[in-house]
Visitor: 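Before I ask anything, let me first share the structure, which is written out below as structure tokens.
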There are 2 protein chains.
Amino acid sequence: MTLTFEERRQMAQDTYAAYLAECPARQLLDMFSTKWTTLVLYQLNDGPLRHSELRRRIPGASQKMITETLRSLERDGIIVREVKQVYPAHVEYSLSPLGESMLPIFSQMKIWAEQNMAEVERNRAAQAGG
Amino acid sequence: MTLTFEERRQMAQDTYAAYLAECPARQLLDMFSTKWTTLVLYQLNDGPLRHSELRRRIPGASQKMITETLRSLERDGIIVREVKQVYPAHVEYSLSPLGESMLPIFSQMKIWAEQNMAEVERNRAAQAGG
DNA sequence: CTGTATCCTCTAAGATACTG
DNA sequence: CAGTATCTTAGAGGATACAG
């Protein structure tokens, strides 16, 4: 039987999607690409923080997103959730060793961004102007 | 006048959104977070490529997304678009120096991913199992 | 305080058709 | 070959109310 170009392309897509799903770098990108992951990790870099403190430090995030981000990072073993049995009881989140091993990636991205995003901005502006 | 907590939080969100919009690292993350940016850059790392060649190498991407990604990267000055005036005429895309300066970030992410994503996977699986 | 649950919106991305 | 235009869809994220 004959397949149309689009049918063949669809098959390629499916195969490729499966391949992508297994690509470690792609998975890492997916972790980063959720809006609040990096901000939460960045805050936890300073030390353990409570849910409420995270909300205060990341006022742009809704409670839902804080919770979802924390759950996701916890599932991945990037952060550790610990219930402090003091009065009043509270919950603390901190980086796991695995989480700490990600920090150099952030610094490198930060450095590149600080050195080069201005040029990117200029390029964008230049396009807009003419 | 008195503001409710949510009103104050909304103001904080707006302020924070403005702050975030100016954060270079956040802008870089936004560039990476579109689905195809890194894949296109990764392909161009090997040398200049034509539109059709990019489609072949990234079969998961629709033509629209290839075009949009290329336009976006071109606007930012990350890649260069060049019309080759030979017969038959075609278009070539290549990394600019600015684009090449991003490559170390990719390698570092790739290395971390290859070394650690398996553990992340195990952590996820452990949660699912019990 | 630390969350869950629900509903809603908005946008990235896909499907499809068409053009120089 | 190298695109543009339009319609549709899936899912991330926000608003809000409620619960242990």
Side-chain angles (χ1 to χ4, degrees), chain A residues 4-14 16-17 20 26 29-40 48-75 79-93, chain B residues 4-14 16-17 20 26 29-40 48-75 79-93:
Chain A
T4 68
F5 173 75
E6 281 304 327
E7 281 165 343
R8 266 178 281 123
R9 180 165 161 278
Q10 186 59 53
M11 291 176 61
Q13 274 199 10
D14 296 345
Y16 197 69
L20 271 189
R26 165 64 33 177
L29 271 171
D30 286 343
M31 288 173 62
F32 282 174
S33 68
T34 76
K35 200 166 181 179
W36 307 108
T37 301
T38 51
L39 290 169
V40 167
L49 286 175
R50 299 168 56 174
H51 179 106
S52 52
E53 182 64 17
L54 278 167
R55 283 198 77 185
R56 215 167 314 138
R57 296 201 188 195
I58 314 177
S62 68
Q63 183 175 33
K64 177 190 175 182
M65 291 320 295
I66 295 277
T67 299
E68 278 187 11
T69 304
L70 289 170
R71 288 291 162 280
S72 171
L73 290 170
E74 193 190 353
R75 241 190 315 109
I79 66 173
V80 177
R81 178 182 191 270
E82 193 178 357
V83 179
K84 292 284 180 183
Q85 292 299 358
V86 296
Y87 181 80
H90 62 263
V91 183
E92 241 177 46
Y93 297 92
Chain B
T4 68
F5 173 77
E6 280 305 326
E7 281 166 343
R8 267 179 281 122
R9 181 166 160 278
Q10 186 58 54
M11 291 177 61
Q13 274 200 10
D14 296 345
Y16 196 69
L20 270 188
R26 165 63 34 177
L29 271 170
D30 286 343
M31 287 172 63
F32 282 173
S33 67
T34 76
K35 200 166 181 178
W36 306 108
T37 300
T38 50
L39 289 170
V40 167
L49 286 176
R50 299 167 57 173
H51 180 105
S52 52
E53 183 63 17
L54 277 167
R55 284 199 76 185
R56 214 167 315 138
R57 295 201 188 194
I58 314 177
S62 68
Q63 182 175 33
K64 177 191 176 184
M65 290 321 295
I66 295 276
T67 299
E68 278 187 11
T69 303
L70 289 171
R71 288 291 163 280
S72 172
L73 289 171
E74 193 189 353
R75 241 187 315 107
I79 65 172
V80 177
R81 179 183 190 270
E82 194 179 357
V83 180
K84 293 283 180 184
Q85 293 299 359
V86 296
Y87 181 81
H90 62 264
V91 183
E92 240 177 46
Y93 297 92

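Every chain is numbered from 1 and lettered A, B, ... according to where its sequence line falls, protein lines coming before strand lines.
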Visitor: Measure the angle between the two terminal helix axes of the helix from C:dC1-D:dG20 to C:dG20-D:dC1, five base pairs each, and quote it to 10°.
Guide: 40°

Visitor: Answer yes or no: does a side-chain N or O of B:R50 lie under 4.0 Å from OP1 or OP2 of D:dG3?
Guide: no

Visitor: Just how far, in rounded Å, is C1' of D:dG3 from CD of B:E68?
Guide: 12 Å

Visitor: Does a side-chain N or O from A:R55 land closer than 4.0 Å to OP1 or OP2 of C:dT2, or not?
Guide: no

Visitor: With the side chain of A:H51 defined as its heavy atoms from C-beta on, choose the nearest nucleotide among C:dT2, D:dC1, D:dG3.
Guide: C:dT2

Visitor: Output the distance between atom CE (B:M31) and atom OG (B:S72), rounded to the nearest 0.5 Å.
Guide: 6.5 Å

Visitor: Distance check, rounded to the nearest 0.5 Å: B:E92 atom CD versus B:L49 atom CG?
Guide: 8.0 Å

Visitor: Whole angstrom is fine here: how far is it from CD in B:E53 over to P in D:dC1?
Guide: 11 Å

Visitor: Rounded off to whole Å, could you give me the CE-to-P distance for the A:M65 and C:dT4 pair?
Guide: 13 Å

Visitor: For B:R75, give me all partners under salt bridge (Lys or Arg N to Asp or Glu O under 4.0 Å), at least two apart in sequence or on another chain.
Guide: none

Visitor: As a quick check of understanding, evaluate salt bridge (charged side-chain N to carboxylate O under 4.0 Å, His left out) for A:E74 and A:R71, giving each step before the final call.
Guide: CA-CA 5 Å; A:E74 193 190 353; A:R71 288 291 162 280; 3.6 Å; yes

Visitor: Show your working on side-chain contact (heavy atoms from CB on, under 4.5 Å) between A:L39 and A:R57 and close with a plain yes or no.
Guide: CA-CA 9 Å; A:L39 290 169; A:R57 296 201 188 195; over 6 Å; no

Visitor: What integer distance in Å separates B:L70:CG from D:dA2:P?
Guide: 11 Å

Visitor: Please report, rounded to the nearest Å, how far the P atom of D:dC1 is from the CG atom of B:L49.
Guide: 14 Å

Visitor: In whole angstroms, how far is the P atom of C:dA13 from the CG atom of B:L39?
Guide: 11 Å

Visitor: Rounded to whole angstroms, how far apart are CH2 on B:W36 and P on C:dA13?
Guide: 9 Å

Visitor: Just checking A:Y93: base, sugar-phosphate only, or nothing, at a heavy-atom cut-off of under 4.0 Å?
Guide: sugar-phosphate

Visitor: Can I get a per-line list of side-chain donor-acceptor pairs under 3.5 Å for residues 79-91 of chain A, giving both atom names and the distance, sequence neighbours left out?
Guide:
residue: A:R81; atom: NE; partner: A:Y93; partner atom: OH; Å: 3.4
residue: A:H90; atom: ND1; partner: A:P88; partner atom: O; Å: 3.4

Visitor: For B:I66 and D:dC1, what is the distance between atoms CD1 and C1' respectively, to the nearest whole Å?
Guide: 14 Å

Visitor: With sequence neighbours left out, write down each residue that passes side-chain hydrogen bond (donor to acceptor under 3.5 Å, both in side chains) with B:R56, or none if nothing qualifies.
Guide: B:E53

Visitor: For nucleotides 4-9 of chain D, tabulate all protein N/O to nucleotide N/O atom pairs closer than 3.5 Å, reporting atom names and distance.
Guide:
none

Visitor: Go through the structure and list residues passing side chain to side chain contact (heavy atoms under 4.5 Å, CB included) with B:T38, not counting sequence neighbours.
Guide: A:R26, A:L29, B:F32, B:F106

Visitor: Given C:dT2, D:dG3, D:dG14, which nucleotide is nearest the side-chain atoms of A:S52?
Guide: C:dT2

Visitor: Only counting residues at least two apart or in another chain, list the ones meeting side chain to side chain contact (heavy atoms under 4.5 Å, CB included) with B:T37.
Guide: B:T34, B:L41, B:T69, B:L73

